[in-house]
S.K.: 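One structure, pasted below without further comment.
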Amino acid sequence: MADTTTAPAQADQKPTRAFGANKRGAAPQRGGARPQRGGQGETKSWVPVTKLGRLVSQGLIKNIHEIYLFSLPIKEFQIIDKFLSLKDEVMKIVPVQKQTRAGQRTRFKAFVVVGDHNGHVGLGVKCAKEVATAISGAIVAAKLSVIPVRRGYWGNKLGAPHTVPTKVTGKCGSVAVRLVPAPRGTGIVAARVPKRLLQFAGVDDVYTSSRGKTRTMGNFVMATFFAITKTFAYLTPDLWREVKLIKTPYQQNSAILAEKVQKSE
């Protein structure tokens, strides 16, 4: 008589698999670690790509004013980070639109101010699809546009410089901003936008006058920045002294710059 016993029902049943568990065509898991864009991101060491960057990274340029003395163009923001300790502030973020065939394309425009409160200030503007990208790009643009701010006195030359040396004017669009020297202790007599910019520049006392559509904050802050830029444009008698011409950093270190750069793997 044949054995009629059968195997347990569990042996005949195939193991059930969750949807998407198969490797082929499996859906990506959410919440996992994503690879960073650009490799290691900010932790990656700085590899200079310009002549000025190579001189700065090797320590052959000791001060940022050596760069300003010869008007050398700065193309890498790491050069600014090496010499200055800057603070940044977002002045305004505005949405801008462009009409296309598919409709309207909206992007965000960020205005960022950087400065060390001691004679250096920069302004950056960047437009991007995302707010975070626009802010980070504006910070880089502001560092690349950092300028030295010349400060002077009102009246007797006692103590440290505290105000602008002369009356200067900056204009952007319909907005015109005028900076006037003020006595010590006056403070910054200005609206909120130019006052913040002057604080980053390290100016303690100044009168301001503005004309035009100052409600447009982008033009207002840029007009103030252009006015601050002109502080070194006017040569007062104390800057008439003769300065001996010396070689530029490129000429002094021409042998080092001529060497081939060994790429580190």
S.K.: The test is side-chain contact (heavy atoms from CB on, under 4.5 Å); show your working for W46 and S57 and say whether it passes.
M.R.: CA-CA 9 Å; W46 172 41; S57 63; 4.0 Å; yes
S.K.: Kindly say whether T186 contributes a backbone atom to a donor-acceptor pair with the side chain of D205 at under 3.5 angstrom?
M.R.: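 Flag set: sc D205 to bb T186 pair under 3.5 Å.
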S.K.: Counting distance only, does the side-chain N/O of T229 pair as donor-acceptor with the main-chain N or O of F225 below 3.5 Å?
M.R.: yes
S.K.: Which of parallel (below 30°), tilted (30 to 60°) and perpendicular (above 60°) describes H120 and Y68?
M.R.: parallel
S.K.: Just checking N156: does its CG atom have more than 12 heavy atoms from other residues, nucleotides or ligands closer to it than 6.0 angstrom?
M.R.: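 Counting neighbours around CG of N156, 12 or fewer heavy atoms of other residues, nucleotides or ligands fall under 6.0 Å, so no.
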S.K.: For Q97 and T106, indicate whether the former's side chain and the latter's backbone hold a donor-acceptor pair under 3.5 Å.
M.R.: no
S.K.: Output the rest of the hydrophobic cluster of V180: all Ile, Leu, Val, Met, Phe, Trp and Tyr residues reachable through side-chain heavy-atom contacts under 4.5 Å, sorted by chain and number.
M.R.: V189, Y207
S.K.: What I'd like to find out is whether the side chain of I256 reaches to under 4.5 Å of the side chain of Q58, using heavy atoms alone.
M.R.: yes
S.K.: Treating E76 as the side-chain partner and V49 as the backbone partner, does any N or O pair qualify as donor plus acceptor under 3.5 Å?
M.R.: yes
S.K.: With a 3.5 Å distance limit and no angle check, can you tell me whether R211 reaches the backbone of R178 through a side-chain donor-acceptor pair?
M.R.: no
S.K.: So, K143 and D81, do they make that salt bridge, N to O below 4.0 Å?
M.R.: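 Salt bridge between K143 and D81, a charged N being under 4.0 Å from a carboxylate O: yes.
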S.K.: Is a side-chain N or O of Y153 found less than 3.5 angstrom from the main chain of V164, in a donor-acceptor match?
M.R.: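 No; judged by distance alone, with no hydrogens or angles, the pair does not exist.
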S.K.: Is the side chain of T216 donor-acceptor paired with the backbone N or O of N219 at a distance under 3.5 Å, no angle test?
M.R.: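 No.
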S.K.: Distance check, rounded to the nearest 0.5 Å: E89 atom CD versus F200 atom CZ?
M.R.: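 So the CD of E89 and the CZ of F200 are separated by 5.0 Å.
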S.K.: Step through the shown structure and confirm whether more than 12 heavy atoms of other residues, nucleotides or ligands are within 6.0 Å of NZ on K171.
M.R.: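 Yes, enclosed.
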S.K.: Should we say atom OH of Y250 is surrounded by more than 12 heavy atoms from elsewhere, each under 6.0 Å from it?
M.R.: yes
S.K.: I'd like to check the side-chain contact (heavy atoms from CB on, under 4.5 Å) partners of F83; sequence neighbours left out, ordered by chain and number.
M.R.: V56, I61, I64, I67, I79
S.K.: Between T236 and R150, is any side-chain donor less than 3.5 angstrom from a side-chain acceptor?
M.R.: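 Their side chains do contain a donor-acceptor pair, which is all the 3.5 Å distance test asks for.
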S.K.: Please name all residues satisfying side-chain hydrogen bond (donor to acceptor under 3.5 Å, both in side chains) with T133, sequence neighbours left out, ordered by chain then number.
M.R.: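 Partners of T133 under the side-chain hydrogen bond (donor to acceptor under 3.5 Å, both in side chains) test: none.
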S.K.: Give a yes or no on whether the backbone of T231 and the side-chain of R151 come within a donor-acceptor separation of less than 3.5 Å.
M.R.: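 Not at all, since once roles are kept as given, no pair shorter than 3.5 Å links the two residues.
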